Amino acid sequence: LVFVIGYLPVLLEFQVPAGKKKIYLSGGAVGGLKLGSHTKVVYQEEGSKQKDKVRGDFNLSPVRYGFTARVGYGNIRVFANYYMTPLFENNKGPELYPFTIGIAFGD
């Protein structure tokens, strides 16, 4: 399942010098607006590659908001996002509240 979201973070960040690099901690609010959604399945059938795309709203919530936290040193970051709105519209799917935890490398 792939969905396109307009994404707007509002963060407060603290930075501490650590030699030539910085340690930083940031946190704040995130929000999003669903602009569109589709599924894409790629598979092999009788030796040829097949691709199916289906566009629709899939009962995904059109607006979402939540919180984010990020900790980093130099070019390495750890982040977490938690959304206060359910992934699906009321009574149109399971009651799921999305969260993301990850690590990022680079500037």
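Bear in mind that the values here come from a model prediction, so they are computed numbers and not experimental data.
The backbone N or O of A80 lies less than 3.5 Å from a partner atom in the side chain of T68, making a donor-acceptor pair. S37 places a side-chain N or O within 3.5 Å of a backbone atom of G56 that can act as its donor or acceptor partner. Checked by atom type and distance alone, the side chain of K34 pairs as donor or acceptor with a backbone atom of L60 at under 3.5 Å. A donor-acceptor pair is defined here as one N or O able to donate and one able to accept, closer than 3.5 Å; no such pair exists between the side chain of T100 and the backbone of N81.
Considering every non-hydrogen atom in both V63 and T85, the closest pair reads O-OG1, 3.8 Å. Pairing each heavy atom of Y73 with each of A18, the nearest pair is CE1-CB, 3.9 Å. Residues S61 and P86 share a closest heavy-atom pair of OG-O, 2.8 Å. When all heavy atoms of G28 and L11 are compared, the closest pair comes out as N-CD2, 3.8 Å.
Contact annotation: the side chain of K49 approaches that of V42 to within less than 4.5 Å [non-hydrogen atoms, C-beta and beyond]. Taking the side chain as every heavy atom from C-beta outward, F105 and N75 never approach each other to under 4.5 Å. In this structure the side chain of Y24 never reaches within 4.5 angstrom of the side chain of V71, judged on heavy atoms.
Sorted by first and then second residue, the salt bridge (charged side-chain N to carboxylate O under 4.0 Å, His left out) pairs involving residues 78-99 (not counting sequence neighbours) are E89-K92. Identified under the salt bridge (charged side-chain N to carboxylate O under 4.0 Å, His left out) test for residues 71-85, with sequence neighbours left out: none. Among pairs with a residue in residues 12-29, none fulfils salt bridge (charged side-chain N to carboxylate O under 4.0 Å, His left out), at least two apart in sequence or across chains.
Legend: residues meeting side chain to side chain donor-acceptor pair (under 3.5 Å) with Q50, ordered by chain and number and at least two apart, are S48.
With a 4.5 Å cut-off between side-chain heavy atoms of Ile, Leu, Val, Met, Phe, Trp and Tyr, the cluster of Y65 takes in F67, Y82, M84, Y97, F99, I101. Through side-chain heavy atoms spaced under 4.5 Å, either directly or across other Ile, Leu, Val, Met, Phe, Trp or Tyr residues, F79 is tied to no other residue.
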Using the side chain to side chain contact (heavy atoms under 4.5 Å, CB included) rule, take K40 and D52 through it: C-alpha gap first, then chi angles, then the decisive distance, then the call.
CA-CA 6 Å; K40 177 179 171 183; D52 294 335; over 6 Å; no

Do L12 and F14 pass the side chain to side chain contact (heavy atoms under 4.5 Å, CB included) test, and can you show the C-alpha distance, the side-chain angles, and the key distance before you say yes or no?
CA-CA 7 Å; L12 179 61; F14 298 97; 4.1 Å; yes

For a side chain to side chain contact (heavy atoms under 4.5 Å, CB included) check, start with the C-alpha distance between F58 and T39, then their side-chain angles and the critical distance, and finish with the verdict.
CA-CA 9 Å; F58 303 105; T39 62; 3.7 Å; yes

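In this structure, CG on N59 lies 10.5 Å from CG on L87, to the nearest 0.5 angstrom.
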